[in-house]
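Letters A, B, ... mirror the listed sequences (proteins, then strands); counts begin at 1.
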Amino acid sequence: MSASAFSRRKLLVGTGGAAVLIGMGGLSACGNGNKGAGNTATANSAVALPTYVPYTGLKPDLPGTEEGVDPAFRNFPKTNPKAVPEVPGKGETLTAMANIYYAAPPGPDNNSFWAGLNKRLGVNLDMQMVSNADYLQKFPTVIAGNELPDMLQTPNGSPPPIPNLPQLLDKRFTNLSEFLSGDAVKEYPMLANLPTRTWKSAVFNGGIYGIPIPRGAIGAYHFIRLDLFEAAGVSPTPKSYEELVQTSQALTDAKKRRWAFGLINQPRQLLGRMNDEPNIWREEGGKLTHMYETDQYAQTITDLIAMWKSGVMHPDSFNPAQPFKQLFNAGTVAINAADGYPAWTQYILDNANNPNFKLGLMPAYRREGGQLANWNLGSGFFSITLLKKQDDKEKLKTILRVLNWLAAPFGTEEYLYRLYGEKGVDHTVDSAGNPVLTKTGTANTVVPIRYLADAPFAIYMPGRPQDADTQHKYQSLEIPTGISNPTIGLFSNTAASKNATADKSFNDGVNDIIQGRRPFSDLKNLVSTWRTAAGDAMRTEYQDQLQSVSATPR
Amino acid sequence: MTTLEQSTVAKDRVSAPARASGKRPPWMEKPNPVTQAVKFLALVICVALVVIPFWSVIATSIADQTTINAAGGGMVMWPKGVTFSSYAAVLSGGVVTRAVVISVGITVVGTLLSLAATAGLAYWLSRPNALLGKPVLMLVLGAVLFSPGLIPTYLVVKQFNLLDSWWSLILPVLVNAFNVIVMRAFFQELPQELFESAAIDGASSATILFRIVLPLSKAVMAVIGLFYAVAYWNAFFNAMLYIQSTDKWPMALVLRTYVVNQTTIGGDQVSAEVLPPQLSLQMAILVIAIVPILVVYPFLQRHFAKGVMIGAVKG
Amino acid sequence: MLLLGIPGALALILFHYLPLLGNVIAFQDYQPYLGFTESEWVGFSNFAFLWNGNPEFLNALWNTLILTVIQTVLVFPVPLVLALLLNSLAGERLKRLLQSVFYLPHFLSWVIVVALFQQMLGNAGMLNTFLVQHDLPVLHIIGVPDLFKALVTSQAIWKDAGWGTIIFLAAISRIDQEQYEAAAVDGATAWQRLINITLPSLKGLFILLLILRLGSSLSVGFEQIILQQGPVGIQASEVLDTWVYNNGIIGGNWGISGAVGLFKGVVGVLLVVGANKLAHAFGERGVYEK
């Protein structure tokens with residue numbers, strides 16, 4: 001739509017209620033003629049994803065792999081090469097909005113880090129941050145408000161939980177294909193460093209519509225309290241379902257307030273792996289089956305019923321607000337399965353004062369024993385940064401250059417500043433060369449620019465080089481067994497809208513079954529209800545998109 | 001004496017002097033010991049139900065990680081390892097102190113403006129034959145029953161160019177319809193004769209409002225003022241919607257990011273600071289948010305206790 | 001006189017009634033990126049839940065009605081009783097201290113209140129840990145569907161009863177002490193003074209608050225309930241506001257939230273008008289006079 005149409009609409013809404021009512025009667029067909037018509041698999045698979053050009057300026061101690069194992073660094077690199085030679089901007093003001101997971105930092109006038117960032121970027125970055133708990137409410141408000149920031153982060157989720165996303169993108173945001181497709185991305189070498197599997201998620205309507213925030217293929221770890229395992233005398237690698245059961249029982253002592261698991265979703269995921277459930281959807285010859293519909297899922301539920309009965313799960317495991325991380329820190333819960341992998345750093349820091357705390361990782365084996373279970377590969381991205389429609393092409397290029405700077409990889413000079421700020425002010429360097437935030441730095445550096453653009457994850461735990469090896473080994477073990485969710489990169493409107501409710505109802509029912517309030521036979525009914533409500537529609541939408549895709553890029 | 005002077009004199013006849021000293025007034029009989037005991041028991045139970053969880057909140061806010069671990073990762077009753085690192089972490093960053101100043105400003109200005117607007121409106125609606133009184137009353141009642149949605153309100157605020165301005169935290173909530181109706185009810189309780197005599201004396205509406213009605217309505221003004229003040233103090237949602245720069249965030253929003261997000265730094269950074277335990281941080285926030293209200297409330301309380309003289313007209 | 005009320009009235013019109021026009025989304029398939037003018041007009045189809053026998057809606061409505069009755073009968077009078085109790089105390093300072101204590105829970109957000117209840121009464125909470133360590137059976141309170149309504153009711157009382165006493169204490173403070181004195185001299189007991197002086201003075205306020213409360217009958221709490229839905233399931237816990245959220249907002253179906261908002265408002269109007277007429281029949285002033 002043209003700019004004049006935008007202002008006409010603003011006028012109608014702007015002069016108040018009467019005008020809104022006037023606008024009602026002659027409602028144009030403009031709104032709904034285009035229900036995602038442009039977002040087909042044919043169009044999307046025709047898009048040439050950005051060429052992958054890995055950054056070679058720094059060598060990790062343990063290299064990453066094409067399959068998705070993250071590179072690992074035992075210590076922070078002592079030399080920090082400058083990855084982006086030119087300053088991205090020329091003094092423009094750029095606006096952005098992103099969620100923040102931490103305490104709010106001071107604004108640019110009181111924040112030396114932010115001021116320094118602006119200088120290095122060559123722009124005046126005006127950033128609005130919204131607590132992640134409120135982000136889903138703020139996002140539609142901003143969209144309805146018509147004044148979009150230059151850079152806007154989608155709410156976290158795969159696919160982003162925005163109904164009618166393709167139409168929204170088409171109307172309000174820029175198709176970046178001309179700047180990023182194929183070899184065009186080489187003008188932004190740091191963006192070219194983002195893995196191809198991550199870019200897949202940003203393709204809509206036959207174009208690239210944003211910069212994805214990369215996440216490791218591993219997705220999650222199965223964390224365990226190694227010290228508690230050792231104390232109970234059980235192996236940290238139970239190799240079959242029976243062994244897992246025995247291990248959980250050994251770790252549980254209700255009187256001493258100890259349980260094996262803390263949150264129902266965790267053993268559900270772990271058992272899902274062991275029972276060979278699909279990674280949400282399984283694709284066979286163009287046909288999709290959802291995990292809820294499989295026998296393997298039914299097996300998992302049977303196992304969970306038995307586990308719940310045997311008491312190895314924390315009694316409040318069904319409370320979605322269960323503070324499972326705190327329980328893990330306290331040793332109340334020994335296994336924290338399927339927890340996001342970045343939590344490693346957090347757990348180590350939280351328990352720095354506890355000499356007994358030992359963090360370990362538990363691989364998942366097949367139910368019958370012997371072999372590793374298939375790992376559920378993660379979606380590869382956290383969110384996508386959208387660029388609003390601009391008439392000024394130069395401004396778009398500046399924005400891309402800024403994002404390019406922000407995506408500078410681990411260990412580079414830009415990365416060091418981005419995370420740790422100015423040496424001496426925001427951070428100091430310890431004897432091994434690892435940067436450590438000062439008080440000022442702790443408060444100032446949490447500006448959420450990492451949700452506008454970010455470097456691919458690198459395994460690194462300051463002060464504990466051995467952790468790099470532990471994690472790398474774990475990833476190298478599990479990633480080769482990984483299976484992907486075949487619908488990554490596809491968009492289903494039902495999945496972004498109706499499924500949330502249908503899924504909630506389904507899981508509510510399943511939780512009732514696990515706790516014994518409903519008989520196991522009800523599972524079939526729940527599945528068919530879910531299929532009617534959303535499942536079949538999603539399947540159709542996804543399958544239509546798969547039809548035309550010949551070879552699914554990884 | 002004119003009505004105005006009468007009411008001024010009458011106002012000074014504080015009607016509950018004996019109770020204030022804690023002694024029973026001479027006309028009151030000795031209470032029944034059984035009733036006393038029952039009352040006492042009831043009160044003790046009520047107090048315990050409130051105090052025990054709050055004690056736990058305070059205890060957890062000064063507990064260290066070891067104590068929290070020993071409590072199974074949950075709330076603590078007896079803080080063995082005491083540390084004020086949570087309070088230090090919250091109060092030392094410049095963000096919280098500035099936000100508190102902002103919140104105080106908004107609360108004071110907002111409460112005063114709200115009280116003025118509410119009193120004016122309630123007074124108008126409390127007069128039996130006020131011009132347009134009935135339709136406006138219906139308007140106010142309708143505001144209690146129907147609430148506008150999130151997006152339309154945002155659009156209106158945006159249209160008035162209030163985004164990122166502190167007025168967006170005051171004007172949209174300036175008048176609370178419920179408060180208007182309550183204040184109106186209190187105003188209606190004032191004896192008609194006062195108004196009639198004042199009218200005969202030729203006093204204008206404004207004079208009546210300021211020199212008769214308000215001085216006799218200290219209790220309701222204090223109560224409604226408290227309601228507004230607390231609402232302004234705790235409001236974070238509007239700030240989340242309308243305020244765009246962190247430097248302008250009020251305290252409630254800053255604290256919300258702490259409570260909801262539970263960490264102070266990014267997951268991939270390391271700090272030299274000893275990070276306070278997350279639970280203790282949350283509890284410290286709670287305490288910090290409540291303290292100012294605890295400080296202000298006693299000043300307002302004394303206005304609830306002051307009696308209102310009804311007998312002014314009896315003269 | 002009008003002039004005094006203009007600022008307040010203007011504020012209400014601009015910031016409450018103007019956005020209320022946005023409830024037009026009740027008749028649209030509203031999408032934020034399309035705005036009011038381009039979203040598809042769907043007439044009354046958003047209101048279909050009222051007549052198509054949608055079981056989830058009916059369940060939510062049922063739960064809402066039960067909760068509102070419980071709240072009106074059990075939760076609503078508690079502040080009055082507590083105010084009377086406080087008022088009957090001899091010491092002014094004690095009265096003030098207790099009042100301050102009682103209103104503290106009002107300032108906690110529901111997130112914290114729910115967490116506190118979980119910590120105290122949860123299956124691994126303080127109470128149950130104590131029981132387990134003494135070989136006593138676990139008391140299942142949280143997470144039991146049949147106890148859910150009792151749980152949210154007690155939480156509501158705990159959180160807001162103390163705060164509710166403020167307005168009654170303010171009303172009580174307006175009662176002329178001479179009336180009590182005269183009654184006592186005439187031989188009235190404390191109980192009689194309560195029934196014949198205190199309660200009648202509070203009657204008007206109580207009825208006013210009751211009628212207003214009826215006006216929002218269909219709003220029984222959102223945040224409090226949505227936080228605790230997980231362990232007990234939808235059947236036991238879904239109320240109108242959470243139903244709208246679960247079926248409308250998270251799916252991006254904004255039209256339904258507008259429709260339910262209008263529905264609640266209309267029901268509220270009917271109840272307020274009805275209750276007010278009833279109050280008039282008993283000779284009370286009610287919210288507005290005829």
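- Considering only heavy-atom pairs separated by less than 4.5 Å from chain B, the leading option among C:Gly8, C:Gly22, C:Pro7, C:Ala124 is C:Gly8.
- By number of non-hydrogen pairs under 4.5 angstrom with chain C, the leading residue of B:Ala143, B:Ala177, B:Ser147 is B:Ala143.
- Heavy-atom pairs under 4.5 Å with chain C peak, among B:Asn176, B:Val144, B:Ile151, B:Leu137, at B:Ile151.
- Annotation: side chain of B:Tyr297 is in contact with side chain of C:Ile166 (closest heavy-atom distance under 4.5 Å).
- Within the 4.5 angstrom heavy-atom criterion, only side-chain atoms of C:Leu205, from C-beta onward, approach chain B.
- Checked against the 6.0 Å centroid threshold, C:Trp163 and B:Phe227 count as a close aromatic pair.
- Taking chain C as the reference chain and counting heavy-atom pairs below 4.5 Å, the highest number among B:Val140, B:Leu139, B:Val47 is found for B:Leu139.
- Between chain B and the residues C:Leu262, C:Leu108, C:Val185, C:Leu209, the most heavy-atom pairs under 4.5 angstrom are made by C:Leu108.
- Neither the backbone nor the side chain of B:Val173 comes within less than 4.5 Å of any heavy atom in chain C.
- Both the backbone and the side chain of C:Ala9 come within contact range of chain B, judged by heavy atoms closer than 4.5 Å.
- Heavy atoms closer than 4.5 Å to chain B are found nowhere in C:Phe117, neither backbone nor side chain.
- The CD atom of C:Gln118 sits 12.0 Å away from the CE atom of B:Met75 when rounded to the nearest 0.5 Å.
- Note on B:Val182, B:Leu121, B:Ile293: by heavy-atom pairs under 4.5 Å with chain C, the leading option is B:Leu121.
- Contact annotation for B:Gln36: neither backbone nor side-chain heavy atoms come within less than 4.5 Å of a heavy atom of chain C.
- For chain C, the nearby part of B:Phe54 is the side chain; its heavy atoms alone come within less than 4.5 Å.
- When heavy atoms are compared at a cutoff of 4.5 Å, B:Ser56 approaches chain C solely by way of its side chain, counted from C-beta outward.
- For a residue to count as touching a neighbouring chain, one of its non-hydrogen atoms must lie under 4.5 Å from one of that chain's; by this rule C:Ala171 touches chain B with backbone and side chain alike.
- For C:Leu14, the parts sitting under 4.5 Å from any heavy atom of chain B are the backbone and the side chain alike.
- With rounding to the nearest 0.5 angstrom, the CG atom of C:Leu116 is 8.5 Å from the OG1 atom of B:Thr60.
- Contact annotation for B:Leu174: only side-chain heavy atoms (C-beta onward) come within less than 4.5 Å of a heavy atom of chain C.
- Contacts between B:Leu113 and chain C at a heavy-atom distance below 4.5 Å are absent for every atom of the residue.
- Most heavy-atom pairs under 4.5 Å with chain B, from the set C:Ile167, C:Val266, C:Leu97: that is C:Ile167.
- Taking both residues in full, the closest heavy atoms of B:Pro148 and C:Pro19 are given as CB-CB, 3.5 Å, listed atom of the first, atom of the second, then distance.
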Using the side chain to side chain contact (heavy atoms under 4.5 Å, CB included) rule, take B:Leu43 and C:Leu89 through it: C-alpha gap first, then chi angles, then the decisive distance, then the call. CA-CA 10 Å; B:Leu43 282 175; C:Leu89 293 178; 3.7 Å; yes
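- The minimum heavy-atom distance between B:Arg184 and C:Val287, with the atom names listed, is NH1-O, 2.8 Å.
- Residue C:Glu181 touches chain B through both its backbone and its side chain, counting heavy-atom pairs closer than 4.5 Å.
- With a 4.5 Å cut-off on non-hydrogen atoms, C:Leu98 touches chain B through its side chain but not through its backbone.
- For a residue to count as touching a neighbouring chain, one of its non-hydrogen atoms must lie under 4.5 Å from one of that chain's; by this rule B:Val180 does not touch chain C.
- Residue B:Leu171 touches chain C through both its backbone and its side chain, counting heavy-atom pairs closer than 4.5 Å.
- With a 4.5 angstrom heavy-atom cutoff, B:Val156 touches chain C only via side-chain atoms.
- Looking only at side-chain heavy atoms (C-beta outward), B:Val51 and C:Leu104 stay at 4.5 Å or farther from each other.
- Contact annotation for B:Thr153: both backbone and side-chain heavy atoms come within less than 4.5 Å of a heavy atom of chain C.
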Before you tell me yes or no, could you show the steps for C:Phe102 and B:Val50 under side chain to side chain contact (heavy atoms under 4.5 Å, CB included), namely the whole-Å CA-CA distance, both residues' side-chain angles and the distance that decides it to 0.1 Å? CA-CA 7 Å; C:Phe102 288 146; B:Val50 172; 4.3 Å; yes
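- Neither the backbone nor the side chain of B:Tyr154 comes within less than 4.5 Å of any heavy atom of chain C.
- Heavy atoms of B:Leu141 lying under 4.5 Å from chain C belong exclusively to its side chain.
- The greatest number of non-hydrogen atom pairs below 4.5 Å with chain B, out of C:Ala115, C:Ser100, C:Gly125, is found for C:Ser100.
- Atom CG in B:Asn234 sits 7.0 Å away from atom CZ in C:Phe107 (nearest 0.5 Å).
- Looking at C:Arg174, its side chain never comes within 3.5 Å of a backbone N or O of B:Val220 through a donor-acceptor pair.
- With rounding to the nearest 0.5 Å, the separation of CD1 in B:Ile181 from CG in C:Leu208 is 7.0 Å.
- Most heavy-atom pairs under 4.5 Å with chain C: of the set B:Val136, B:Thr118, B:Val230, this distinction falls to B:Val230.
- The CD1 atom of B:Ile285 sits 11.5 Å away from the OG atom of C:Ser109 when rounded to the nearest 0.5 Å.
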B:Phe146 vs C:Leu20, side chain to side chain contact (heavy atoms under 4.5 Å, CB included): CA-CA, chis, key distance, verdict: CA-CA 8 Å; B:Phe146 292 90; C:Leu20 259 183; 3.9 Å; yes
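- When heavy atoms are compared at a cutoff of 4.5 Å, C:Ile25 does not approach chain B at all.
- With a 4.5 Å cut-off on non-hydrogen atoms, B:Leu162 touches chain C through its side chain but not through its backbone.
- If you measure heavy-atom distances from C:Val267 to chain B, you find no contacts under 4.5 Å at all.
- Contacts between C:Ala188 and chain B at a heavy-atom distance below 4.5 Å involve the backbone alone (N, CA, C, O).
- Between the CG atom in C:Leu4 and the CD1 atom in B:Ile208 there is a gap of 10.0 Å [rounded to 0.5 Å].
- Heavy atoms only, all atoms of each residue included: B:Lys39 and C:Ser88 are closest at NZ-OG, 3.0 Å.
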Would you please test C:Trp191 and B:Thr35 for side chain to side chain contact (heavy atoms under 4.5 Å, CB included) and show each step? CA-CA 11 Å; C:Trp191 186 252; B:Thr35 325; over 6 Å; no
